[in-house]
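I have placed the structure first, in the form of structure tokens, so that the comments after it can refer back to it.
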Amino acid sequence: MSDSVSAHAHQFDDAAQQHEASWLGMWIFLATEVMFFGGMFLGYTIYRSVNPQGFASASHHLDVWLGTINTAVLICSSFTMALAVRAAQLGQRKLVIIFLVLTVLLGSAFLAIKFTEYHVKFAEHLVPGSAFAFAGPHAAAAQLFFSLYFAMTGMHALHMIIGLGLLATLIVKSARGRFSRSYYTPVEMVGLYWHFVDIIWIFLFPLLYLVGRHAG
Amino acid sequence: MNSPHVVSIKLYATIFGALLLLTIATAGAAFVDLGGELNSIVALSIAVVKTLLVLLFFMHVRYSSRPNVGLCRRRIVLAIDHDDPDHERRAHSRDSNALIGRKPNL
């Protein structure tokens with residue numbers, strides 16, 4: 001990405017073409033991300049269809065309240081991210097920084113809640129492995145559920161951590177005046193990434209936290 | 001890029017509110033016995049609606065100009081066609097103009 005405020009890199013005809021290339025590259029990357037998470041979603045679907053009761057009883061050990069609050073926190077962070085991109089479009093540097101900082105704070109809150117949940121799972125011996133303990137007839141299926149739970153939420157959390165790093169560099173670059181009304185592509189692209197990570201969670205939340213809740 | 005579509009704060013706030021309401025709806029619906037697999041279907045349908053809202057408005061898919069998308073698609077088609085020009089020429093020697101605008105047979 002170009003360091004100067006409005007100039008484009010030498011391999012592009014103009015700034016518009018450079019922007020289009022970034023846009024296309026970002027969407028192709030997000031498509032590969034869909035395939036990456038898609039494998040885990042497929043694994044989840046297959047094992048849940050084989051062990052519907054085991055998955056339901058394992059899911060009951062997750063905290064619906066924390067899951068719902070975390071979903072709301074993440075949606076709030078997507079909102080502030082959208083407002084950061086909007087401020088960048090309008091060249092409002094201070095607002096860009098404020099909204100990016102808010103997004104970092106909300107993203108960190110999400111990770112903090114997630115950390116608390118993980119801690120409880122360790123304490124309750126629900127982490128797959130030799131210490132795994134699950135009362136009832138569905139212990140094997142429950143271990144499978146928690147393997148998927150930690151793989152999927154863990155990969156999602158890793159994406160959040162990477163996103164926070166990207167946001168931090170954007171804040172520094174914004175403060176140094178690297179972006180303008182005519183060049184704010186990195187802000188826009190990190191925004192796409194952040195919203196994508198939000199979408200992954202939108203599916204993880206019902207699939208992991210809300211299985212068979214109505215059955216008690 | 002030259003004139004980006006700036007979405008009003010009011011619209012962003014509306015989408016944000018809708019996403020929060022749908023989150024509460026998902027959590028609430030999970031505790032109601034809808035019978036059979038209907039609970040899963042409702043939960044995933046709400047997730048799809050939320051995804052569409054994020055894609056269309058937060059990710060600006062709704063405002064991506066058609067020519068932009070069309071241009072990108074055409075470039076990919078050309079890149080694939082150019083991958084093995086000799087093969088294409090052998091296969092479509094009768095009308096070389098047919099190469100342009102032809103969909104890749106992948």
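Predicted, not measured: the structure shown is a model, and the values here were computed from it. Naming convention: chains lettered A, B, ... in sequence-line order (proteins, then strands); numbering from 1 in each chain.
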Query - Among A:Asp198, A:Ile75, A:Ile199, the one residue meeting side-chain contact (heavy atoms from CB on, under 4.5 Å) with B:Lys50 - result: A:Ile75

Query raised in the report: Heavy atoms, side chains only, cut-off 4.5 Å: are B:Leu44 and A:Leu207 in contact?
Result: yes

Requested in this report: Hey, can you tell me if B:Phe16 and A:Phe79 have their rings parallel, tilted or perpendicular (30° and 60° cut-offs)?
Outcome: parallel

**Report entry** chain B contact via A:Leu30 - side chain, backbone, both or neither, heavy atoms under 4.5 Å
**Finding:** side chain

Report summary line: So, the part of A:Trp27 with a heavy atom under 4.5 Å from chain B: the answer is side chain

Query raised in the report: Rounded to the nearest 0.5 Å, how far does CG of A:Leu83 lie from CD1 of B:Ile9?
Result: 6.0 Å

Query - Residue among B:Leu19, B:Leu34, B:Asp33 with most heavy-atom pairs under 4.5 Å to chain A - result: B:Asp33

Requested in this report: Report the distance from atom CE of A:Met81 to atom OH of B:Tyr12, rounding to the nearest 0.5 Å.
Outcome: 10.0 Å

Query raised in the report: For A:Tyr47, does the OH atom sit with more than 12 other heavy atoms under 6.0 Å from it, leaving out its own atoms?
Result: no

Requested in this report: Calculate, to the nearest 0.5 Å, the distance between atoms CG and CG belonging to B:Asn39 and A:Leu210 respectively.
Outcome: 9.5 Å

Query raised in the report: Is there side-chain contact between B:Val32 and A:His214, with at least one heavy-atom pair below 4.5 Å?
Result: no

Report summary line: Heavy-atom closest pair (B:Ala30 atom, A:Arg213 atom, distance to 0.1 Å) is O-CB, 3.4 Å

**Report entry** Engaged part of A:Tyr209 at the chain B interface, taking heavy atoms whose separation is under 4.5 Å
**Finding:** neither

Query - chain A interface, residue from B:Ile15, B:Leu55, B:Val54 that has the most non-hydrogen pairs under 4.5 Å - result: B:Val54

**Report entry** Spacing of B:Leu22 atom CG and A:Thr71 atom OG1 [to the nearest 0.5 Å]
**Finding:** 12.0 Å

Query raised in the report: Taking the side chain as C-beta and beyond, is there a heavy-atom pair between B:Pro4 and A:His19 under 4.5 Å?
Result: no

Query raised in the report: Taking atom CD of B:Glu37 as the centre, does the number of heavy atoms from other residues, nucleotides or ligands within less than 6.0 Å exceed 12?
Result: no

Query - A:Val211 versus chain B, the contacting section by heavy-atom distance below 4.5 Å - result: neither

Report summary line: The reported gap from CD1 in B:Ile46 to CZ in A:Phe203 (rounded to nearest 0.5 angstrom) is 11.5 Å

Query raised in the report: Under a 4.5 Å heavy-atom cutoff, which of B:Met59, B:His60, B:His5 has the most pairs with chain A?
Result: B:Met59

Query raised in the report: For B:Ala29, is it the side chain, the backbone, both, or neither that has a heavy atom closer than 4.5 Å to a heavy atom of chain A?
Result: neither

Requested in this report: Please report the shortest heavy-atom distance between B:Ala47 and A:Ile202, naming the atom on each side.
Outcome: O-CG2, 3.6 Å

**Report entry** Contact origin within B:Val7 toward chain A - heavy atom pairs under 4.5 Å
**Finding:** backbone

